[in-house]
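One structure is given here, and the rest of the page talks about it.
Proteins get letters first, then strands, A, B, ... in listed order; numbering begins at 1 in each. Side chains included, hydrogens not; waters and symmetry mates left out as well; all remaining heavy atoms used.
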2 protein chains.
Amino acid sequence: MSEVIDKARLAGTALQTMNRLTSGQKNEALNRMAEALVAGRDAILEANAQDLARGRDNGTTPSLLDRLALNETRIAGIAEGLRQIAELPDPVGDLLESFERPNGLRIERVRVPLGVIGMIYEARPNVTVDAAGLCLKTGNAVVLRGGSAALHTNRRIVETLRAALAETDVPADALQLIEDASRASVDEMLKLNGLIDVIIPRGGASLIRTVVENATVPVIETGAGICHTYIDESADPDMASNIAFNAKVQRPSVCNAMETLLVHESFAAVHLRRIAERLLAANVELRGCPATLRLIPEAKPATDEDYATEYNDYILNVRIVSGLDEALDHIRRFGTMHSECIVTENKLHAERFLQEVDAAAVYHNASTRFTDGFEFGFGAEIGISTQKLHARGPMGLPALTSSKYRIYGSGQIRE
Amino acid sequence: MSEVIDKARLAGTALQTMNRLTSGQKNEALNRMAEALVAGRDAILEANAQDLARGRDNGTTPSLLDRLALNETRIAGIAEGLRQIAELPDPVGDLLESFERPNGLRIERVRVPLGVIGMIYEARPNVTVDAAGLCLKTGNAVVLRGGSAALHTNRRIVETLRAALAETDVPADALQLIEDASRASVDEMLKLNGLIDVIIPRGGASLIRTVVENATVPVIETGAGICHTYIDESADPDMASNIAFNAKVQRPSVCNAMETLLVHESFAAVHLRRIAERLLAANVELRGCPATLRLIPEAKPATDEDYATEYNDYILNVRIVSGLDEALDHIRRFGTMHSECIVTENKLHAERFLQEVDAAAVYHNASTRFTDGFEFGFGAEIGISTQKLHARGPMGLPALTSSKYRIYGSGQIRE
């Protein structure tokens with residue numbers, strides 16, 4: 001039997017126990033996991049050093065090495081994340097609906113765990129702990145398949161966490177790590193209908209695409225974001241400048257950062273130069289439409305391919321539009337239904353934008369950078385769904401649950 | 001451009017209009033569609049006669065021909081279904097959550113249409129109208145791909161409905177029928193990410209399997225049901241007999257009918273013979289475990305393959321178990337997470353069964369045949385989801401919606 005099937009089966013068996021646990025038992029386990037991480041940090045850092053050394057030998061970029069690297073402070077932060085998850089309300093068992101039918105049947109809909117969750121992600125050891133914590137909190141079992149570049153670290157972390165679980169009521173088998181670093185193990189997970197209930201990919205566009213294109217197990221698609229800010233004719237110039245600057249520059253590498261700025265032509269004629277100078281001063285490369293190039297000669301020409309690219313970098317497309325309709329058309333064509341913003345003092349335009357733009361999060365007068373589970377107050381985030389099924393936008397704990405109908409009868413049969 | 005891409009694009013364009021419609025405008029369109037079906041019944045029946053003739057020539061079974069056949073009464077019933085959908089509350093625009101963050105951001109979550117829904121189904125013309133009505137009511141556009149054996153009928157129905165829509169505010173392009181009867185058109189729909197938001201298959205196990213195995217577009221899996229009734233030691237004998245009989249015999253061809261009866265050994269010793277005689281008298285073929293065969297010599301031996309089969313027919317597996325745990329094990333192994341029932345007077349056993357059985361609908365003392373949108377009081381049903389993502393169990397109008405976050409700011413940026 002393959003490692004993937006073997007471990008998915010073990011996870012499925014653990015579900016039977018998970019299903020009977022109280023919130024208190026799960027929270028106790030999360031706190032023990034946190035303690036174990038801190039207590040076991042030396043061994044984890046040693047494993048991490050191995051991964052980092054191999055990464056450097058392989059010419060891994062500094063930013064990827066930074067995502068892979070752990071230190072005492074980071075481990076303490078990751079452990080603290082587990083304690084915070086323990087503090088959050090447990091959605092499992094929540095009564096979502098309750099009604100009685102004329103024939104006397106009482107029907108309740110209650111939240112239940114999703115089951116076995118397959119997480120496929122890149123070489124970020126914090127995701128290993130985070131995903132484990134969120135999945136166990138919600139009564140699920142989880143099969144983790146992290147990036148091969150973090151394998152030593154992940155193996156040590158999961159050994160540590162499973163050893164901690166062994167002393168709690170949460171079965172250690174609810175937490176599984178796939179160690180086969182080949183692409184074959186991913187492909188196998190993606191087709192494990194019946195043993196894995198849902199796959200959640202976390203990572204860059206190519207990882208997401210691989211998962212979506214090959215999975216037969218249901219997937220929650222996360223992450224890709226080509227986000228726009230549209231500055232309308234009536235926008236407050238300072239507010240517009242601040243929102244655009246924040247959406248691009250505050251953290252360009254993330255999915256809710258802005259990739260294209262759309263500007264009303266009248267506003268652009270008066271104010272774009274000043275906004276552009278602020279962006280250029282922050283080392284943002286500008287790529288513009290022909291009208292933009294006339295106002296901002298420092299910009300390069302923008303192509304349709306640029307408009308369709310998630311840079312995740314200090315690069316911004318700028319396009320001048322004749323008004324709201326042209327902005328809406330552009331977003332329809334190039335947006336990825338993640339986060340879109342209008343800056344305007346015109347309430348009707350704001351309402352039209354919020355109504356007509358088809359995206360997980362639509363903003364009036366605020367930076368797209370707020371699309372985030374913590375910023376929304378969920379206390380946790382398993383990812384940001386960019387699909388329309390099941391969950392849309394930042395996913396907190398309830399996104400890791402399903403529901404079932406419990407029906408109480410007294411002998412009812414169907415006529 | 002292919003027919004599928006062409007029509008999916010047209011449907012997507014129609015969404016922009018759908019998104020602005022009021023419930024009144026949509027309901028008006030549904031009522032017009034109903035009128036048009038009745039007014040156009042002669043042409044529809046003529047087309048249906050062509051399909052039926054071809055079906056008979058091809059040796060189609062009587063039960064499939066019956067599903068395909070229309071008559072005046074059936075058309076009137078289908079039209080009445082549209083009028084009933086018009087009467088239902090429109091979930092689109094419902095405010096699901098509303099909260100304010102410490103930084104002053106006001107965040108609302110509202111229900112929105114799913115978008116373009118691809119329906120793939122068999123030669124049942126009523127599904128054509130039903131799916132069109134449910135999708136349009138919820139502001140979606142729909143691309144229908146019905147079984148080729150109903151092509152003439154579906155074409156005439158969709159022409160009729162589109163002509164009716166042309167006189168309403170609902171764009172006719174929101175309703176599309178794929179006429180390419182080859183498997184290629186199904187395959188194309190299944191991979192049309194970006195143009196189709198969700199695929200809902202309705203039909204038998206092999207159709208569902210084809211869709212789940214090949215789709216890259218998100219799917220809502222429906223339908224397959226290997227449903228069990230477990231008669232516990234303390235069950236009321238008459239109630240148990242009535243529920244088991246109803247779950248098997250009232251309509252064996254549907255997914256919520258029972259396929260396997262599990263019986264506690266003590267109960268079986270006293271009462272199984274009487275229940276079996278009632279089933280045998282209704283022409284139900286029984287297949288039993290060795291212990292069952294000793295009590296019911298009329299039964300054939302049941303194999304594991306039998307336990308894993310959805311008969312949808314007058315065939316029933318009977319297995320005698322030592323108690324609740326063995327029943328739970330059997331259901332875990334052979335169930336399809338559709339509908340499962342325990343008949344018992346023991347409240348603790350009932351609670352354990354409802355808690356531990358992982359299925360869309362779990363029953364205490366009522367027939368599994370109630371798993372149905374109308375029986376649940378939803379007033380409509382697009383199918384019964386047997387997956388855990390997005391919707392689980394009977395799907396009413398809300399299952400055809402997604403949500404989006406609308407965020408109202410006053411210049412907030414992220415620190």
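A salt bridge links B:Arg392 with B:Asp358: the closest approach of a Lys/Arg side-chain nitrogen to an acidic carboxylate oxygen falls below 4.0 angstrom. Between A:Arg352 and A:Asp232 there is no salt bridge, since none of the side-chain N atoms of the basic residue sits less than 4.0 Å from a carboxylate O of the acidic one. The existence of a salt bridge linking B:Lys191 and A:Glu213 is excluded, since no basic side-chain nitrogen approaches an acidic carboxylate oxygen closer than 4.0 Å. Remark: B:Arg101 does not engage A:Glu375 in a salt bridge, criterion side-chain N to carboxylate O under 4.0 Å.
Of the residues B:Asn140, B:Leu195, B:Thr13, B:Leu15, the one that meets the side chain to side chain contact (heavy atoms under 4.5 Å, CB included) test with B:Val116 is B:Leu15.
Of the atoms belonging to A:Asn365, heavy atoms from both backbone and side chain fall under 4.5 Å from chain B. Both the backbone and the side chain of A:Phe376 come within contact range of chain B, judged by heavy atoms closer than 4.5 Å. For B:Leu105, the part sitting under 4.5 Å from any heavy atom of chain A is the side chain, from C-beta outward, and nothing else. Contacts between B:Leu389 and chain A at a heavy-atom distance below 4.5 Å involve backbone atoms as well as side-chain atoms. Both the backbone and the side chain of B:Ala361 come within contact range of chain A, judged by heavy atoms closer than 4.5 Å. Neither the backbone nor the side chain of A:Ala247 comes within contact range of chain B, judged by heavy atoms closer than 4.5 Å. With a threshold of 4.5 angstrom between heavy atoms, B:Asp238 does not approach chain A through any atom at all. In this structure, chain B has a heavy atom under 4.5 Å from the backbone of A:Val357, while its side chain stays farther away. With a 4.5 angstrom heavy-atom cutoff, B:Asp372 touches chain A only via side-chain atoms. Looking at A:Val112, only its side chain comes within 4.5 Å of chain B, counting heavy atoms on both sides. With a 4.5 angstrom heavy-atom cutoff, B:Gln355 touches chain A via backbone and side-chain atoms both. In this structure, chain A has no heavy atom under 4.5 Å from any part of B:Arg109.
Annotation: maximal heavy-atom pairing with chain A below 4.5 Å, among B:Ile220, B:Asn193, B:Val110, B:Asp197, occurs at B:Asp197. Contacts with chain A were tallied for B:Leu354, B:Ile243, B:Thr216; B:Leu354 has the most, counting heavy-atom pairs under 4.5 Å.
In this view, A:Glu100 satisfies the salt bridge (Lys or Arg N to Asp or Glu O under 4.0 Å) rule with no residue, not counting sequence neighbours. Checked against salt bridge (Lys or Arg N to Asp or Glu O under 4.0 Å), B:Arg9 has no partners two or more places apart in sequence or in another chain.
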request  = Check step by step if ring pair (Phe, Tyr, Trp, His ring centres under 6.0 Å) holds for A:Phe334 and A:His330.
outcome  = CA-CA 6 Å; A:Phe334 295 106; A:His330 182 100; 4.7 Å; yes

task = Please step through side chain to side chain contact (heavy atoms under 4.5 Å, CB included) for the pair B:Asn242 and B:Met239, ending with a clear verdict.
result = CA-CA 5 Å; B:Asn242 290 338; B:Met239 187 192 289; 5.8 Å; no

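For a heavy-atom cut-off of 4.5 Å, chain B lies close to A:Ile407, A:Tyr408, A:Gly409, A:Ser410, A:Gly411, A:Gln412, A:Ile413, A:Arg414, A:Glu415 in residues 407-415 of chain A.
Looking only at distances, a side-chain donor or acceptor of B:Tyr363 sits under 3.5 Å from a matching main-chain atom of B:Thr371.
Screening residues 338-351 of chain A for salt bridge (charged side-chain N to carboxylate O under 4.0 Å, His left out) gives A:Glu351-B:Arg406 as the qualifying pairs, with residues at least two apart or on separate chains.
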